[in-house]
Amino acid sequence: MAEIVAGVTASHAPFVAMQPQVEQAPPEQRERVLKGFTEARDLLERASPDVIVIFSNDHLERVFFDNLPAFCIGIGEEAEGPVNEWLRLPKVKVRIHSQLGGNPGHGKDRRGV
Amino acid sequence: MSLYQVNRFLQDVSRSAELARQVREDIAAVLENYRLTREEEAALKGWEVRRLYEHGANPFLLLAYSAAIGKGIPAYREAINQGL
């Protein structure tokens with residue numbers, strides 16, 4: 001049986017990592033955000049999870065109105081982002097725990113989703 | 001139907017640096033690939049963000065598109081809030 005060892009919630013706004021937004025942010029705000037992410041990283045290092053389950057919002061980066069699911073689970077061996085090339089962020093590849101992601105029948109809500 | 005095409009255009013450009021480059025160079029040529037009304041074409045050519053939004057274009061796609069073609073987020077913010 002899996003054990004939840006840590007929980008983190010954070011903004012995913014790309015501007016927290018982009019220039020010139022980071023440079024132009026009020027210093028106290030920038031320091032506060034950086035401190036928060038540092039604490040989150042330390043928490044994850046202490047918790048040492050085997051798998052990280054990320055809930056995020058696609059906001060029309062990958063899906064479109066022709067096929068807009070309530071939930072979309074990433075499966076496969078790896079994923080790369082960001083998709084939008086105007087985001088001046090280095091592309092990052094992450095490995096996917098495809099067995100966990102592709103496991104049918106777990107987490108069905110009362111509507112059978 | 002054409003509003004779907006507007007959003008389709010916005011997303012396509014926001015996801016491709018090459019398409020964004022083509023739009024900056026010659027938007028009319030790119031727009032030819034989409035089934036748009038004359039009003040929609042004019043609004044896109046003129047980057048009339050507020051008009052497109054009120055017409056029903058998705059505001060997040062407008063944001064991503066605007067950033068992709070080099071308008072900048074502050075300019076988008078000003079444009080979408082026009083008249084408020």
Side-chain angles (χ1 to χ4, degrees), chain A residues 9-34 36-37 54-94 96, chain B residues 1-27 30-31 33-37 40 43-44 47 49-50 52-81:
Chain A
T9 184
S11 166
H12 64 279
F15 309 131
V16 299
M18 272 172 72
Q19 300 294 1
Q21 286 82 2
V22 172
E23 228 167 56
Q24 291 170 354
E28 63 275 8
Q29 184 185 58
R30 182 173 54 236
E31 292 312 307
R32 201 166 59 239
V33 170
L34 187 60
F37 277 103
I54 300 177
F55 293 86
S56 188
N57 176 12
D58 176 72
H59 45 59
L60 296 172
E61 281 197 17
R62 294 175 196 270
V63 297
F64 191 65
F65 300 114
D66 59 348
N67 185 14
L68 202 61
F71 293 99
C72 182
I73 299 173
I75 60 176
E77 296 306 311
E78 60 184 18
E80 188 181 44
V83 171
N84 283 330
E85 295 183 8
W86 59 267
L87 283 169
R88 288 185 310 279
L89 290 167
K91 289 223 179 198
V92 175
K93 261 193 194 157
V94 293
I96 294 178
Chain B
M1 186 58 180
S2 62
L3 185 57
Y4 178 94
Q5 290 283 301
V6 171
N7 285 322
R8 186 77 268 175
F9 167 77
L10 296 174
Q11 194 196 46
D12 287 349
V13 176
S14 70
R15 295 207 292 193
S16 163
E18 172 54 27
L19 210 51
R21 190 197 59 78
Q22 288 175 26
V23 164
R24 285 197 300 272
E25 215 169 275
D26 182 3
I27 187 173
V30 182
L31 290 174
N33 298 314
Y34 297 84
R35 295 186 299 282
L36 304 168
T37 67
E40 287 163 346
L44 286 165
W47 191 61
V49 166
R50 182 78 202 174
L52 287 161
Y53 168 69
E54 287 176 0
H55 177 60
N58 182 278
F60 189 82
L61 290 179
L62 281 169
L63 166 68
Y65 168 80
S66 299
I69 62 168
K71 292 295 184 184
I73 306 294
Y76 165 83
R77 199 183 300 130
E78 201 180 303
I80 193 95
N81 286 316

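Proteins come first, then strands; the chains are lettered A, B, ... in the order of their sequence lines, and each starts at number 1.
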Participant: Does A:F64 reach the side chain of B:L61, with side-chain heavy atoms less than 4.5 Å apart?
Facilitator: yes
Participant: Need one label for B:N7: side chain, backbone, both or neither, based on atoms under 4.5 Å from any heavy atom in chain A.
Facilitator: both
Participant: I need the minimum non-hydrogen distance between A:W86 and B:A67, along with the two atoms involved.
Facilitator: CE3-CB, 3.3 Å
Participant: In terms of heavy-atom proximity below 4.5 Å to chain A, should B:I73 be classed as side chain, backbone, both, or neither?
Facilitator: side chain
Participant: Can you tell me which portion of B:A20 sits under 4.5 Å from chain A's heavy atoms? Options are side chain, backbone, both or neither.
Facilitator: neither
Participant: What heavy-atom pair brings A:V63 and B:Q11 nearest, and what distance separates the two atoms?
Facilitator: O-NE2, 2.9 Å
Participant: Would you indicate whether B:E78, at its atom CD, is surrounded by more than 12 heavy atoms from other residues, nucleotides or ligands within a distance under 6.0 Å?
Facilitator: no
Participant: Under 6.0 Å from the CD atom of A:E77, do we count more than 12 heavy atoms belonging to anything else shown?
Facilitator: no
Participant: Checking A:E23 now: which residues fulfil salt bridge (Lys or Arg N to Asp or Glu O under 4.0 Å) with it, not counting sequence neighbours?
Facilitator: none
Participant: Mind checking the CG-CG spacing from A:N84 to B:L63? Nearest 0.5 Å is all I need.
Facilitator: 9.5 Å
Participant: Heavy-atom count check: over 12 atoms from other residues, nucleotides or ligands less than 6.0 Å from A:R88 CZ?
Facilitator: no
Participant: Which heavy-atom pair separates B:R15 from A:V83 by the least distance, and what is that distance?
Facilitator: CD-CG1, 3.7 Å
